[in-house]
Amino acid sequence: MTLLAQIPPLQIPDIAWSAISPELVLFGVGILALLLDTAGPQRLQASFLVFGFAAAGAGYIALSTEQSVLPGLVGLAALGQFALTAIWRDRPRLLSALLAALGFAGAIGVTTWQWGAYSGRLVGADAATFVGTDSLLGGMVAVDGVALFTRVTVCLAGLVTVPLSFAYAEERRIHRGEYYPLLLFAATGMTLLASSADFIMVFIAIEVLSLSLYILAGFAKRDLNSQEAALKYFLLGAFSSALLLYGIALVYGVTGSTNIAEAGRAFSSLDAPQGMAVAAMALLIVGFGFKTAIVPFHMWTPDVYQGAPTPITGFMAAATKAAAFAAFLRVFVGAFAPLQWSWTPVLWVLAALTMLAGAILAVVQNDVKRMLGYSAVAHAGYVLIGFVAVNRAGVSGVLVYLLIYTFMSLGSFGVLALLERRNHKAMAIDDLRGLGRRDPVPAGMLALFLLSLAGIPGTAGFVAKFAVFRAGIEAGHAALVVIAVVSSVIAAFFYIRVIVAMFMEDVPEGVAAEAPLAPSTGMSAGIAFSAAVMVAFGTVLPFLLVDLADQAATFVS
Amino acid sequence: MENVLTPPAGSPVDFAWLIPVVPALSAGLLLVFGKRLGRLSSAVAILSIGFSATLSTMVFAFLQAQPEEGRVFVRTLGTWLSVGGADGLRVDWALLIDPLASVMLLLVTWVGLLIHVYSLGYMAHDERNPQFFAYLNLFAASMLILVTGSSFLTLFVGWELVGLCSYLLVGFWFERRDYATAAKKAFVVNRIGDVGFMIAMFLIFATFGSLTFADVLPAVSTAATGVLIAVGLLLFVGATGKSAQIPLFVWLPDAMAGPTPVSALIHAATMVTAGVYLVARASPLYLEIPDVGLLVAWVGAATAFVAAAIACAQVDLKRILAYSTVSQLGYMFIGVGVGDYTAGVFHLLTHGFFKALLFLAAGSVMHAVADETDIRRMGGLFSKMPVTAVTSLIAVLAIAGFPYTSGFFSKEEVLASAAARPGAQGIWVLGILVAGMTAFYMARWFVLIFLGSPRWAEGVRPHESPPSMTLPLVVLAVGSAAGGLLNTSPEDGFLHHWLEPSVAAFAADGHFLSEGLLLGAALGVAAVGGLLGALLYLRVDVATVGVGGGARNAARRRYYVDEVYETIVMRPGRAMADAFAAFDRRGIDGAVNGLARMTAGVATVGRRTQTGFVRSYALAVLAGTVLIAALFASGVVFGGIR
């Protein structure tokens, strides 16, 4: 007893953990899923242990801080995972997938709570701890509109990817225990990247998400294409990370700080353009340009998108892009705005190149996944218009675009995954001939996503394009918007070519009748949800999203 | 429309948005999961429309409890479109709940509910039953959006959606080619009207800078008369499409290809009245341009006459009702055209009852005689299906204007208004004539189906329909008989006061005949027509029905309107389309293909950069870095120091 009394009371440093609560949720669930998978037959015992520790921790917090909501939620989550484990202890994959889906949903919930506090709708003691300060976690993390919006985008992408993956991975015999944890870790990196307020954090987040994605891209290890994709992605990713790191080092060299906002202030107070500063910006653009697949740093995209397991491709195209663009926005439009005279012409040229090259190269592709890979490049170019605008409308347009693109991308890759399950091979455009007659529902869904990607009014894709084009026009970049429209016309060609093949051409002669499609419930749900989002944001509620993004288009400074 | 209020929180009006949303959600649910739900889907559909009906009733009761000057509410849900800044186009998702909308809500939801129930029996054996209920729900939701829209554009959304539902439901049995063609015809003809509506909206926005009723309608007196005339005419073009008036009425009779409950709900009771509703909703506008109103009335009268004449010569039981609908819609346009909007809406409501009843009865008859639709092969069904027969009789009396039935009050009011409008006496005369013809063809319809000797085909065993079908008949019969109580007198009836906040008042100018004479003339002509029809066809030799040359043949052939349209519209249209197609192939396609080939050529060259070797990709990254550095450098050099 005397010994116990001598231990000084535990000092909890005052860390605003709530600032990274979505990341904590994602990471925690990822670890949990990994643990339960590793535990094998002792799954239930492991789960009970987790429950015990979590409950004890929650009890301690409740007693020591007199808070009730947080410990209550933690306790509930702990109990929930134990219940799930107890019910599905013999079906580890399903358990893993359920946990992952719940993790993404939970992260969205936490982010919504943060948004409530951020936008001032939620007031209270908790709210004040992380809102509007630039020194969260030592200036590492920013909680602002862009971060919150992107977190939701990433988590929604994850939430749709999980059901799309389940039957696909099962079928391709790549359903291993690490799959969902890796998805969650990648998402952790992405949300962290979106809210990084410091270059060091940016780098760490990029590495966290990249390492997970390298593995996921090569997850079909018996498939040579998948291996090739992973290796290429890894080598080039390492190369671009090095360039990014070099850029960060130069920023530190010029400004003496790695904090993004501080670096921006120091940059703008430079008297004359300085070679080092310019080199730093150039290298940062290369680093971000690689992750967001901007021409000429896009070369890896078609190869990797084609080789990676299809649901992962959709997730990579959507969520990685959203996260990397968010960090890109924070650094350039947020912090380096005073220097816009120097970097907007550069991004202008890159945007034009990206839009045109992506669209033109997609025209000659036969593999549908590869075609969508190039189309993803073109879409990155449209997003860049919002950057070049350097105004609030531009930021809001980028956010809207990325959220809507998430669903277009996941939806179209989801339908492809569904078709690949039956055909057991990559889909060429010729394989889609006559699909509209045999399987009208999946074909119709794919047509909807393609029309949306093409930006046809009445779909969400139009709203997205409209948002960035409007920002571009308002900022006086009419020429760039004209290029974008030309690129959209070229892009419409290859999207509509697929639709024509599906609905207006017959099944080629000599092709044996195929087994009927057997969509799993998860796949149907994921695709239908994405399609519903396409239609809802295209027709009924376009400006709900735009208004929300307008509110979110802010940075902490 | 000057005094627009925001509904108090928690009141039924505050939740009125659920009235269209719940059936819409149900429709979505049934479309996706209909197959799995199976039998349950009809229950879901009926519950959802039942919910809307209940809430609509609560909304009505709530409005009634409000003071007379405080019955116009706008419930805004959120921004739909917002383009071009503060002075630009801004349209909200908002509901306009006022006395006019509330009676339309009641009509659509309650008649809709009855027809959902009826379909339970009627569509029981169709394998695509869940899909049918999904479409019915979707239609109800669309119609409810139409009547609650707070701006021309939201009304137009409902307007287009009901058109879509009509297309889907007319072509529900699309396996039959002529049914699919009928659906296409309905769609295309409606589009012509829609173009008018759209141009009207452009003009409205250009003139008033807004599309919201609450902004536009109080401001109509400030606009130039020329613009108002154009808007009024164009809106009426839209109305003639949807409400099947001359010259766009040809689609409605063909639309009878759809299942009978659909004909009752969409092509009799609700959707086709949308044009009347539109004119009534825009009544302040039409009040400024009385001459356009008179034109509307004349078109209505002419349509009523032509359609009634055609109806006298048809032998298909649903087609007769279809032309009768066109004719009755003509009456409604007479009402709103001469400026008595209450009378027009009143006839819309009573017609909703008795025409829905007639169609449902027709469906019940078809159900009994193995889907036969030729009235020459019916007869003597009275004793076999007494409920259907008696309810039909009530509806026939109502539509013929038998004293104290609902049709009597509403038709008299329309005719009296025509008589009270200077310059509209000719319309009144036509109206009286049509009243006689209506009584004639309805008597013919009833007598040939239910009375006389049985003439149905061998092996057919007529029987009364199940309760799910007869119950709606009985309810509608009560409405048809007693619906006149809504507005027993033009000056101080209930509906007259009720609609005062919504529609412009009618400025009566004295009748050119005494009221007694007006009434007597209408009743007399109708009685003569009815008796004539009954006596002629009670002992008729059916071999002489539906034959005969001259005027009768012309009427039977629908005055060759379809053929004329084919010659003057379709053939030149097709020739023009062919010419455009040829130009498209030779001219435009050449240019496009050239560009496409050029693009492909560029792409083939660009493709070579994609070697697949990581080392060359890394080289590209390096080259890109140099490019960016060069761009920065040129910017710094040419851009100079800030």
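Order of the sequence lines sets the chain letters (A, B, ...), proteins ahead of strands, with each chain counted from 1.
Neither the backbone nor the side chain of A:Phe493 comes within contact range of chain B; no heavy atoms are under 4.5 Å apart. In this structure, the portion of B:Leu627 lying under 4.5 Å from any heavy atom of chain A is its side chain and not its backbone. Neither the backbone nor the side chain of A:Ile294 has a heavy atom closer than 4.5 Å to any heavy atom of chain B. Proximity to chain B (any heavy atom under 4.5 Å) is shown, for A:Val346, by both the backbone and the side chain. If you measure heavy-atom distances from A:Phe494 to chain B, you find no contacts under 4.5 Å at all. Heavy atoms of A:Val364 lying under 4.5 Å from chain B belong to its backbone as well as its side chain. For A:Leu350, the part lying near chain B is the side chain, with the backbone staying farther off; criterion is any non-hydrogen pair under 4.5 Å. For A:Thr344, no part lies near chain B; criterion is any non-hydrogen pair under 4.5 Å. Heavy atoms of A:Leu243 lying under 4.5 Å from chain B belong exclusively to its side chain.
One N or O on the side chain of B:Trp93 and one on the backbone of A:Val540 form a donor-acceptor pair closer than 3.5 Å. At least one donor-acceptor pair closer than 3.5 Å links the side chain of B:Trp80 to the backbone N or O of A:Thr539.
From B:Phe613, atom CZ reaches atom NZ of A:Lys232 across 8.5 Å, with rounding to the nearest 0.5 Å. Distance CZ/A:Phe239 to CG/B:Leu622: 5.0 Å, rounded to 0.5 Å. Interatomic distance, CE of B:Met598 versus CD1 of A:Ile360, reported as 8.0 Å (0.5 Å rounding).
Pairing each heavy atom of B:Phe632 with each of A:Val278, the nearest pair is CB-CG1, 3.3 Å.
When A:Val363, A:Ile490, A:Asp303 are compared by the number of non-hydrogen pairs under 4.5 Å with chain B, A:Asp303 comes out ahead.
Side-chain contact between A:Trp343 and B:Ile628: absent, with no pair of heavy atoms (C-beta onward) separated by less than 4.5 Å. Contact check for B:Tyr617 versus A:Leu235: no side-chain heavy atoms found under the 4.5 Å cut-off.
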